[in-house]
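To start, the structure under review is shown below, and the notes come after it.
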Amino acid sequence: MKCFHYHWWTDKVEEMEAWYRGIGFETRQRIGRANGEMREFNPPLEWEDFRQEDVRFRIIEMVQGRMNITFGQGKRDRFDHIGFLVDDLEHDKVLKNAALLGWRVDEGERRTFISTPWRFRVELQRRKEAVRSEAFPSIARLELNIDRPGRLSSLAELLGAEAEDKGETCLIRSDDWEIQLSRGKESSLESVEVRQREPLTATDPVGVLITSTI
């Protein structure tokens, strides 16, 4: 199981695309509604080619290495979900854990979403082509704020990972990634630590701090 993905709704979609392109990501697809119909505005199209159409983007997908970042048009910044690359066995095991926890599951042919009690979801992705490669960069650590009650270590139970629960914070560990959950004002993704050789410390347009580690 590899942590590979996060998704935001935001009114800053153009700024998000430009920012992530600036740190090496490639735009894979843009899908949005214009003149009452859903259409693709994928590269090699650039923003100046369709800006006059007032597109409301359902999704912009960007990839680099083993990372896949998506965002869609929203009225404000709202974190939606994190994603994991899984095989069939891992997928079925997580679904069994979700059933034991009583969490809602929306199972699809391409991907499955599990609703947590904290206003964000967990995506299980079985398509290897969702990422560009198994090489750098990759997600090493996520830090999330949680603003609702609920036992934080239950996320570890869902994912079959180890948990160090201190009440107000919980560190969830696997061999490949860590997730820190902390009580905060609003459920949101706060920071992402990325494995890559180039040093990086920067904040994206929705306020996520991106740092690097070797």
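Values reported hereafter were calculated over all heavy atoms of this structure, with side chains retained and with hydrogens, waters and symmetry mates removed. As the structure is a prediction and not an experimental result, all values here were calculated from the model.
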Hydrophobic cluster identity match, [X] and [Y], side-chain contacts under 4.5 Å:
X	Y	answer
L101	L181	yes
L189	L155	yes
M1	I172	yes
L159	V105	yes

*Among E53, E14, E17, find the one that has a salt bridge (charged side-chain N to carboxylate O under 4.0 Å, His left out) with R30.*
E17

Rounded to the nearest 0.5 Å, how far does [atom2] of [Y] lie from [atom1] of [X]?
X	Y	atom1	atom2	result
L152	S182	CG	OG	8.0 Å
S212	R197	OG	CZ	12.0 Å
R173	Q180	CZ	CD	10.0 Å

Closest approach of [X] and [Y], non-hydrogen atoms and distance?
X	Y	answer
E37	R39	OE2-CD, 3.3 Å
V86	E90	CA-OE1, 3.3 Å
N42	Q29	OD1-CA, 3.1 Å

Within-4.5 Å side-chain heavy-atom neighbours: [X] and [Y]:
X	Y	answer
Q64	P137	yes
D176	F4	no
D77	D11	yes
R151	E157	yes
M62	F71	yes
V194	V192	yes
V208	M16	no
C3	L142	yes

_As a quick check of understanding, evaluate side chain to side chain contact (heavy atoms under 4.5 Å, CB included) for K93 and N97, giving each step before the final call._
CA-CA 6 Å; K93 184 176 180 180; N97 294 339; 4.3 Å; yes

Where the side chain of [X] meets the backbone of [Y], is there a donor-acceptor pair that is under 3.5 Å apart?
X	Y	result
E15	P205	no
R111	R126	no
Q196	E198	yes
R104	T116	no
T211	E193	no

*asked:* Determine whether D204 and W19 satisfy the following criterion, side-chain hydrogen bond (donor to acceptor under 3.5 Å, both in side chains), listing intermediate values before the conclusion.
replied: CA-CA 7 Å; D204 76 11; W19 193 90; over 6 Å; no

*Could R78 and D80 be called an ion pair, given the rule that one side-chain N must be under 4.0 Å from one carboxylate O?*
yes

*Determine, for R121 against E123, whether the closest basic-nitrogen to carboxylate-oxygen distance falls under 4.0 angstrom.*
no

*Just checking, any donor-acceptor pair under 3.5 angstrom between side chains of H5 and Q125?*
no

_With no hydrogens and no angle check, just 3.5 Å: does a side-chain donor-acceptor pair link E186 and N145?_
no

_I need the single residue from W8, F113, F120 that forms a ring pair (Phe, Tyr, Trp, His ring centres under 6.0 Å) with H81. Which is it?_
F113

*Can you list the steps and then say if K166 with E168 is a salt bridge (charged side-chain N to carboxylate O under 4.0 Å, His left out)?*
CA-CA 6 Å; K166 298 181 179 179; E168 293 302 301; over 6 Å; no

_Quick check on R127: does its CZ atom have over 12 non-hydrogen neighbours (other residues, nucleotides or ligands) under 6.0 Å away?_
yes

*Apply side chain to side chain contact (heavy atoms under 4.5 Å, CB included) to the pair T70 and R58, showing each step before the final yes or no.*
CA-CA 10 Å; T70 58; R58 179 68 178 79; over 6 Å; no

*Aromatic rings F57 and F41: how do their planes relate, parallel, tilted or perpendicular, breaks at 30° and 60°?*
perpendicular

*asked:* Over 60° means perpendicular and under 30° means parallel, so tell me whether W118 and W103 are parallel, tilted or perpendicular.
replied: perpendicular

